[in-house]
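Heavy atoms only: backbone and side chains are in, while hydrogens, waters and symmetry mates are out. Keep in mind that this is a model prediction, so the values were computed, not measured. So that the names make sense, note that chain A is the first sequence line, chain B the second, and so on, each numbered from 1.
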Number of protein chains: 2
Amino acid sequence: MPREKAARLSDVAAVAGVSLATASKALNGNTRISAATRERVRAAAERLDFRPDALARSFASGRSGTIGVLTHRAKNTFARPVAMGAIVQLGAQNQAALVYDGDVQESKAMSASIRELRARRIDGLLVIGDGHEHTSPSLTHYFDVPVTYIFTASRDPGDVMYLPDNRGAGRMATQHLIDTGNTRIAHLGGPERSIAAERRQAGMLDALTAAGLEPVGPVIHSDWTRVRGAAAMAELLQSGAEFDAVFCANDHLALGAMETCAAAGLRIPDDLALIGVDNWEGTVVDQAGSRQLTSVDLELMELGRLGATSLTTTDHTSGEHLTTPTLALGPSTHPA
Amino acid sequence: MPREKAARLSDVAAVAGVSLATASKALNGNTRISAATRERVRAAAERLDFRPDALARSFASGRSGTIGVLTHRAKNTFARPVAMGAIVQLGAQNQAALVYDGDVQESKAMSASIRELRARRIDGLLVIGDGHEHTSPSLTHYFDVPVTYIFTASRDPGDVMYLPDNRGAGRMATQHLIDTGNTRIAHLGGPERSIAAERRQAGMLDALTAAGLEPVGPVIHSDWTRVRGAAAMAELLQSGAEFDAVFCANDHLALGAMETCAAAGLRIPDDLALIGVDNWEGTVVDQAGSRQLTSVDLELMELGRLGATSLTTTDHTSGEHLTTPTLALGPSTHPA
DNA sequence: CTGAAAGCGCTTACAG
DNA sequence: CTGAAAGCGCTTACAG
């Protein structure tokens, strides 16, 4: 691939024997051009290996081919696959990503970023959070291009949001426990004010209700950590409730619970089945390198991918769009 | 921040009472402008909240403000922090990232990407690999903009490369073992043809030689996995060599070694000290959530950051630029 | 030190 | 269906 002087549209027009305007329309799919002319222009473009200059095209059309990406914390473990999935998808659509990493809540830094992005004439904006714990302020009205929120919820319900289906995850986890023969199912929940935690619990109730079951034991809240998971499991055991399975709101809690069970002489999954959420490599895998936990995967890369796609498709509609979780089987639940 | 019609440079010029050309030069730091005029233009620009239209500026200047990013496998666990570090750094420099993810070795897909990137008029290119195992073909001559290779080595030594300092990592790991009182140090190496593995071993020899020591035991190669680490450790124990510490070429090998030691009744670090490389969250942390391994961190996000910076600074010079590793202390080595 | 003018390479009403 | 012309909003030789 030698580096020759690139052909311009005027060269193509000359070779095809048409005007600049006609050449432009022929290549851009304008229908008011005869098939014969279109073909002649196409052939000329191909012969000259014509590629439109993106800079000129942007300037003339007003579209930059660039999407702004506001990440709350790009370093965050869970935000990273979402952001990476989104950015790679943008590239596949030939769109560049202008990424500003910072605290979306901090209005000072944010207003600087907003002004920058507007000057850059971005074609759309992706706001990427680090989970559905709370809601984020809506930035949509600062822009006259489409804005999509991924992995965070905007406070304005009219905004376009892409979120993991936490309720579906809770339903799927619980259903799996039911499918593997459990009927007395307890819950080890996340923080009290976390939207994700609430939804996972609601999903659990969905599945139990559909099966004619009721939750067993007290609802115990936690901070998502392994240490709290171990303590919460101890509380659960001491509560006197009788249960044969526990739906843990995330993998860390499940692993903590597992420790307490081991100390109490309970065998997993024979005496007690456990299931978590996240399916995070390095969490669900034990010291020997083998999977130790059944978990629901929220498909975070796919979440980023879908959110990025929304900007250029008809999927850019108000409200929540949910990614479908998948089940990752491990030894902590009975096989079906 | 209301959304008003943006001020143009001509508005600024009118308010300042100068010509368009003068306004442009005043704002862009051209020195052939009187201080008084410059100040007047600045004030006018500020009053109107003028931000140059990036599209027009790009078109006129020929610079797109976009950097092409070719990732070998963006999904790869180790490549992800590198890519993320690079992309966030580009954003901090107000440069967009046009990311194409694919197999850099596959020339067909690559030549399509190259043509796309050239049409996009990128200001520079980042080629991001997934480690320094082998070398990658040089793409530099396809472009007339700066190209930097990150986390992979180009076959052309004249190219600009950013790599983790694997030799330094080997040196640092071994020196730490020496500093904590070990003198008979064995090695559990990576694959035979891996550049990274070779360098880590060379670094080990550097440190040993400087301390007047010699390596102990056979050099055992492996495939970086925990399973092979366990087997290799068993070989080492059976070899009859006497050693009080093992430098493992990565964390997975060290964890495998740890298992074998546990089975053999060896206490870590009392009977044997172990150190690894990567300091990978989820690898160095055990089931109870606490660190179980001393490891050398290759600082991969920083690697991406530095590589991205190279495109716009004087650091864009031929050859290898190395990121300095850091030591992450854990319970597998004696405290100093 | 300042300004008039050309030009970057396309797209897009508009007229024919 | 086709083309002449204006225009996108800057930057940059060039002349003064």
*Using heavy atoms to find the nearest nucleotide of DNA chain C for B/Phe59 and A/Ser61 separately, return the residue whose nucleotide is more 5′.*
B/Phe59
*asked:* Below the 4.0 Å mark, does C/dC10 have OP1 or OP2 next to a side-chain nitrogen or oxygen of A/Arg8?
replied: no
*Do any side-chain nitrogens or oxygens of B/Thr37 fall under 4.0 Å of OP1 or OP2 in C/dT2?*
yes
*Do the side-chain N and O atoms of B/Thr326 and B/Asp297 include a donor-acceptor pair separated by under 3.5 angstrom?*
no
*Starting at the 5' end of DNA chain C, which residue's closest nucleotide do you reach first, B/Ala35 or B/Ala56?*
B/Ala35
*For residues A/Leu303 and A/Thr323, report the shortest heavy-atom separation together with the two atoms involved.*
CA-CG2, 3.5 Å
*Taking all non-hydrogen atoms of both residues, which atom of B/Asp130 and which atom of B/Ala79 are closest, and how far apart?*
CB-CB, 4.2 Å
_Euclidean distance, A/Thr312 OG1 relative to A/Ile67 CD1, rounded to 0.5 Å_ = 7.5 Å
*Is the phosphate of C/dG3, meaning OP1 or OP2, less than 4.0 Å from a side-chain N or O of B/Thr22?*
yes
*Please check the phosphate of D/dT12 (OP1 and OP2 only) for any side-chain N or O of B/Ser24 closer than 4.0 Å.*
no
*Step through the shown structure and confirm whether more than 12 heavy atoms of other residues, nucleotides or ligands are within 6.0 Å of CZ on B/Arg51.*
yes
*Using both pair distances under 3.5 Å as the test, note the stems of at least 3 consecutive Watson-Crick or G-U pairs that include DNA chain C.*
C:1-3 with D:14-16, C:5-12 with D:5-12, C:14-16 with D:1-3
*Could you check how far CG of A/Leu48 sits from C1' of C/dG9, rounded to whole Å?*
15 Å
_Whether A/Arg120 side chain and B/Gly65 backbone form a donor-acceptor pair below 3.5 Å_ = yes
